[in-house]
> 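Input: one structure, supplied below.
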Amino acid sequence: MTFLEKTTDVRKLRHWDGDMEAQYLYTTGIAGDIFFKGIMNGKIMGSKCEKCNRICVPPRIYCEVCFERLNEYVEVSKKGKIHTYTIAKIDIEDKRLKEPLIWAMIKLDGVDGGMVHKVSEIAPKEVKIGLKVEAKFKNKKERKGSILDIEYFKPVK
Amino acid sequence: MSKKVGVVGVGYTGFSSVTPDVSWKEIMFQAANRAYHDAGIDPRKDVDSFITCAEDYWEGFSIFDEFVPDQLGSVLRPTCTVTADGLYGLINGYMQILTGLMDIVVVEAHSKISDLLTYNDVLSFAIDPVFNRPLIDLGAHPYYIAGMEMKRYMSETGTTEEQCAEVVRKNKLNAMSNPSAGYEAKINIEDVLSSEELFAPLKRLDISPLADGCVVFVLASEEAAKKLAHDPIWIKGVGWASETSWLENKEWGRAVYAELASRQAYKMANITYPKKVIDFAEVDDKFSYKELQHLEALGLCRRGEAGKSVEEGAFDVDGVLPVNTSGGLLGVGNTLEASGLQKGLEVVLQLRKDAGGRKLPDVECGLAQSWRGVPTTSGAVAIFEV
Ligand SMILES: [Zn+2]
């Protein structure tokens, strides 16, 4: 048997409030350090796998395909194509956004990978898979070593 | 060594949007008791090992494992947690029995997600903190990833929004015949298509709503099963796989994890032509398009054809391959780590001819498949047979 008695009066149902304090400092690591130093200088960096003949973006110190250690870092194109996208109408608090936001996976030219980022300077209706876009960096003074140092990707004129 | 492992008992609670009258421990106790009753066993004497499937953050605990034994009947017994979907727990229990060390293993998975007040925030913690999570500062709800997947899947396969909406209609209708389902409804595809666009092309009704609930399985070796009341439902094959966690490198249009997991399971079950052998399937449908994408990944229909097939009724209860007769997660509710076990449960109930008003005639082999949800690229498959 499981329950002999259950509460049938919802006014008597109790709960206890709680929250979890959780703050972290995430180390960016060897490859991350190179990537974010690049970002601060207006560059996008990747790491090269000789064995697979691919450039991984974002860079990592290992190739997940062949498990080789990667040592060579190269600057890659700031231009690419929209691989897929969505037009978001709500934010993380489930609140309706004033203006829809375009999120996209951008495959950068000549590399394996790219960036997931915001797309701007285009009407949501005009966005298409395959659209050519490029990174728009913030002014150098405002950069902090974050993917948000790229303000958004915009259509290549 | 035991060669066969069977399901000899199942227990479950109803699945519902909230459960304010019972604690998460009581939900587990309820489902566990039903499973032990069903199997005709005493957990304090007859069970060799207990496995629960849980994620600390969903539970609101650190080291949740410690809070498992009491309400499962596993105090002072071998107990462990698999931090993954319920089917992973089932697979671990299956393997424990195959080692010959255990004869009877209990697998549990539950959701008390209504206890979590900040689901979106916890989910956003599943996204890479350095390379992706900063987008949340710009307002990115983590389900944007599903919107992007849906767009790519539709573009690669020619699947339409109408076809995805058909999945929602079918599953919610199936849930009408499942008294345990939390989100049953009779709707038409226009209702889905006109529901609020959230992460276009993903709309509100394309998303499986969260639910509470618990499922417990009792597994046994062939020898141990003989001594128990039920005719076992046998586990014929299992598989599981993960793609890369880089959003930048994963496949956006295909469910590679499901392709790999199913091939592993088919091989184990000696299945060459899954379409001929699998009579029905419960596949992950956390989002409408996932059901179609998963069916193609499982080789149960050709790539790009799932959409057409669902429109033609192929996956209806009376179709050539009934899919998600339970109502799926769109109709039952998304019970997170319990969702894979809920799928396994439906397969077992159908094979036992125990599925009430939604009972399928003449089924002998069913497949359950799970996906761990956004932003993961991991999932598992289990094949069951009478
Ligand atoms: Zn490589």
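Numbers restart at 1 for each chain; the letters A, B, ... are given by sequence-line order, proteins then strands.
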> On a heavy-atom basis, which atom in B:L135 and which in A:V116 lie closest, and how many Å separate them?
CD1-O, 3.5 Å
> Considering residues at least two apart in sequence or located in another chain, which fulfil the ring pair (Phe, Tyr, Trp, His ring centres under 6.0 Å) criterion with A:F36?
B:F131
> Check each atom of A:V65 against the heavy atoms of chain B and say whether the ones under 4.5 Å are side chain, backbone, both or neither.
neither
> If you tally heavy-atom pairs under 4.5 Å against chain A, which of B:Y36, B:Y144, B:F61, B:Y57 wins?
B:Y144
> Mark yes when over 12 heavy atoms from residues, nucleotides or ligands other than A:R14 sit less than 6.0 Å from its CZ; otherwise mark no.
no
> Who wins among B:P201, B:G147, B:S155, B:P129 for the most heavy-atom pairs under 4.5 Å with chain A?
B:P129
> Please classify the contact between A:D94 and chain B as side chain, backbone, both or neither, with a heavy-atom cut-off of under 4.5 Å.
both
> For B:W246 versus A:P58, what's the shortest heavy-atom pair and its separation?
CZ3-CG, 3.5 Å
> Between B:D137 and chain A, which part of the residue has a heavy atom less than 4.5 Å away: side chain, backbone, both or neither?
side chain
> Around A:K138, counting heavy atoms of other residues, nucleotides and ligands shown, do more than 12 lie under 6.0 Å from its NZ?
yes
> In Å and rounded to the nearest 0.5 Å, what is the CG to OG1 distance from A:D19 to B:T118?
9.0 Å
> Does atom NZ (A:K81) have a neighbourhood of more than 12 heavy atoms from anything else shown, all under 6.0 Å?
no
> For B:E248 and A:G114, work out which heavy atoms get closest and say how close.
CG-O, 3.1 Å
> Report the residue from A:K107, A:E64, A:M105 that forms a side chain to side chain contact (heavy atoms under 4.5 Å, CB included) with B:N249.
A:E64
> Would you compute the distance between atom CE of A:M20 and atom CG of B:D121 and round it to the nearest 0.5 angstrom?
13.0 Å
> Is A:K98 atom NZ crowded by more than 12 heavy atoms from other residues, nucleotides or ligands, each under 6.0 Å away?
no
> Measure B:F125 against the heavy atoms of chain A and call it side chain, backbone, both or neither at under 4.5 Å.
side chain
> Below 4.5 Å, heavy-atom pairs only: which of B:H141, B:K250, B:M148 has the largest tally toward chain A?
B:M148
> If you count heavy-atom pairs under 4.5 Å with chain B, which of A:K89, A:R60, A:K12 comes out on top?
A:R60
> Can you find a heavy atom in the side chain of B:L138 that is under 4.5 Å from one in the side chain of A:W103?
yes
> When heavy-atom pairs shorter than 4.5 Å are enumerated against chain A, which of B:N132, B:L123, B:D115 gives the highest number?
B:N132
> Can you give me every donor-acceptor pair (side chain of residues 119-134 of chain A, partner residue at least two apart or in another chain, under 3.5 Å) with its distance?
| unit_1 | atom_1 | unit_2 | atom_2 | d |
| --- | --- | --- | --- | --- |
| A:E121 | OE2 | A:Y152 | OH | 2.6 |

> Looking at A:F67, I want to see if its CZ is surrounded by more than 12 non-hydrogen atoms of other residues, nucleotides or ligands under 6.0 Å.
no
> Identify which part of B:R204 has an atom lying under 4.5 Å from any heavy atom of chain A, answering side chain, backbone, both or neither.
neither
> Roughly how far, to the nearest 0.5 Å, is CZ of B:F199 from OG1 of A:T86?
7.5 Å
> If we only count heavy atoms from C-beta on, is the B:P20 to A:H15 side-chain gap below 4.5 Å?
no
> I'd like to know which of A:G18, A:A88, A:P100 tops the heavy-atom pair count under 4.5 Å against chain B.
A:A88
> State plainly whether the residues A:R96 and B:E196 are in salt-bridge range, i.e. N to O under 4.0 Å.
yes
> How about CD on A:E142, more than 12 heavy atoms from neighbouring residues, nucleotides or ligands closer than 6.0 Å, or not?
yes
> Using atom types as modelled and distance alone, determine if a side-chain donor or acceptor of A:T84 lies under 3.5 Å from a backbone N or O of B:E149.
no
> Is it true that, when you exclude B:I63 itself, more than 12 heavy atoms of the residues, nucleotides or ligands shown sit nearer than 6.0 Å to its CD1?
no
> Which answer fits A:I90, side chain, backbone, both or neither, if we ask what part of it has an atom under 4.5 Å from a heavy atom of chain B?
both
> Please report the interatomic distance CG(B:D21) to CG(A:D9), rounded to the nearest 0.5 Å.
12.0 Å
